[in-house]
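See below for the structure under consideration.
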Number of protein chains: 2
Amino acid sequence: MKATIFNVAVDLFFRKGYFATSMSEIAKGCGIKKASIYHHFAGKEALLFAIMDTTMQDLLAHLESCLTRENDTEGRLRAAVRGHVRFHLERQKETFIASSELRGLTPAHFYTVTARRDAYESIFQELIRHGMGQGVFAPGDVKILSYAVLTLCTAGASWFRPEGRLTVDAIAAIYETFVINGLQPARAASGRGAAVISDVACGH
Amino acid sequence: MKATIFNVAVDLFFRKGYFATSMSEIAKGCGIKKASIYHHFAGKEALLFAIMDTTMQDLLAHLESCLTRENDTEGRLRAAVRGHVRFHLERQKETFIASSELRGLTPAHFYTVTARRDAYESIFQELIRHGMGQGVFAPGDVKILSYAVLTLCTAGASWFRPEGRLTVDAIAAIYETFVINGLQPARAASGRGAAVISDVACGH
DNA sequence: GTCTATACGATGATAGAC
DNA sequence: GTCTATCATCGTATAGAC
């Protein structure tokens with residue numbers, strides 16, 4: 001039953017939002033009365049925290065398992081992007097909640113979840129920084145570019161439809177290409193891109 | 001006073017979210033009692049709709065004004081991305097609300113706002129499609145790539161800090177480069193990118 | 001245009017029976 | 001572990017005085 005409550009809450013928080021969802025609705029979705037929920041969870045916020053915390057833990061573990069198989073920097077970032085997109089689409093509801101309902105957490109829980117998120121982001125930032133050092137990626141502002149890469153893929157969780165035209169793997173491949181292309185030095189033919197990045201944003 | 005209520009609501013909806021904000025809080029922020037708000041707005045949802053609708057109208061008008069100055073396809077998409085990012089960072093609170101609080105609208109208002117959003121997205125999709133036809137951009141799935149471009153830049157409104165390290169224009173330039181690079185055909189040297197896009201996602 | 005006063009429902013949460 | 005019953009609070013919104 002604890003798992004049922006968890007799953008129903010995930011579904012409702014995803015569809016209606018955390019604040020717009022009531023304990024009565026969750027209970028109704030489980031076929032019990034709302035008082036019974038308090039036997040399994042301390043309260044509504046505890047339920048939200050349980051969802052977000054397990055999601056962030058799983059996300060971090062998933063990324064680490066994706067990276068163990070890769071060696072060179074470009075391959076590692078490609079794997080990281082693919083894994084990021086796959087996780088966000090396959091566990092769409094939880095990841096959408098995790099990235100949009102932070103304001104519903106108590107300060108202590110907020111700290112815990114954002115700490116996990118920061119650790120996750122750091123891995124991407126290290127990969128990008130390393131690739132720039134090797135010349136695999138064009139020089140640029142690591143923080144901004146990492147946000148670009150991450151939010152780009154995270155946003156997939158807000159428009160993705162499982163029954164839609166493309167599979168998760170197809171979308172992951174498109175994003176992988178887009179991101180790696182975006183980070184690589186611009187071609188000699190056009191040449192405007194990398195110049196703009198390094199002119200404007202390289203550590204001033 | 002109507003404008004004051006509007007601005008205070010923008011600030012609170014941005015910081016706490018629409019459902020988590022009460023009419024009393026808005027009134028307190030304006031220095032009046034909550035009953036007085038109903039003289040200016042029909043209710044809380046009317047306030048949300050007013051914010052979202054004017055924001056989407058202004059966003060669309062802004063894009064059109066950015067495009068009148070440009071001729072070739074790449075230049076037009078560059079200008080569109082720059083304009084998109086600038087608008088989302090300069091009017092951060094409103095655009096964040098507009099992209100995250102759709103669920104708070106009545107069905108009729110939801111329809112109006114999403115219609116404006118779809119019109120906006122179509123302009124980007126046409127630019128990308130046109131560029132692919134010319135060979136300026138690599139062939140690929142227009143819908144997915146347009147979502148990638150748009151959400152990428154929209155997400156700026158969720159992490160941007162006006163007092164931060166980089167100016168709006170600097171961030172816009174970084175994003176412009178990243179997006180155009182991401183869409184262009186991959187270089188001969190590496191060559192994996194465009195192949196993956198067209199293999200996987202080109203109209204099957 | 002703003003106020004006081006209030007209607008009226010829904011909310012998260014608790015107590016205690018079974 | 002689930003129930004019924006209930007609490008205290010807060011929500012949006014309205015009526016009518018000034």
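Note on naming: letters A, B, ... go to the chains in the order of the sequence lines (proteins, then strands), and numbering restarts at 1 for each one. Keep in mind the model is a prediction, meaning the values are calculated, not measured.
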Report task. Go through the steps for Ser99(A) and His88(A) under the test side chain to side chain donor-acceptor pair (under 3.5 Å), then give the verdict. Result -> CA-CA 10 Å; Ser99(A) 62; His88(A) 277 75; over 6 Å; no

Requested in this report: Check whether any side-chain N or O of Ser22(A) sits under 4.0 Å from OP1 or OP2 of dA10(C), and answer yes or no.
Outcome: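 Result: no.
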
Requested in this report: Indicate yes or no for a side-chain donor-acceptor contact from Asp53(A) to the backbone of Phe49(A) under 3.5 Å, with no hydrogens or angles considered.
Outcome: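 Checking the backbone N and O of Phe49(A) against the side chain of Asp53(A), no donor-acceptor pair under 3.5 Å is found.
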
Using a cut-off of under 3.5 Å, enumerate the N/O to N/O pairs linking the protein to nucleotides 2-6 of chain C.
residue : atom : partner  : partner atom : Å
dT2(C)  : OP2  : His40(B) : NE2          : 2.7
dC3(C)  : OP2  : Lys33(B) : N            : 2.6
dC3(C)  : OP2  : Ser36(B) : OG           : 3.0

Gap between atoms [atom1] and [atom2], on [X] and [N] respectively (whole Å):
| X | N | atom1 | atom2 | result |
| --- | --- | --- | --- | --- |
| Phe41(B) | dG1(C) | CZ | P | 12 Å |
| Phe19(A) | dG12(C) | CZ | P | 11 Å |
| Leu48(B) | dT12(D) | CG | P | 13 Å |
| Ile26(A) | dT11(C) | CD1 | P | 11 Å |
| Met23(B) | dA13(D) | CE | P | 6 Å |

Query raised in the report: How close do Pro185(B) and Asn181(A) get, heavy atom to heavy atom, and via which atoms?
Result: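 It is C-ND2, 4.4 Å.
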
Query raised in the report: What are the two closest non-hydrogen atoms of Lys44(B) and Phe19(B), and how far apart are they?
Result: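 In terms of heavy atoms, the two residues are closest at NZ-O, 3.8 Å.
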
Query - Donor-acceptor pair between Tyr175(B) and His84(B) side chains, under 3.5 angstrom - result: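 No donor-acceptor contact under 3.5 Å links the two side chains.
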
Query raised in the report: Is any NZ, NE, NH1 or NH2 atom of the basic residue among Asp169(B) and Arg82(B) found under 4.0 Å from an Asp or Glu carboxylate oxygen of the other?
Result: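 No, no charged N to carboxylate O under 4.0 Å.
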
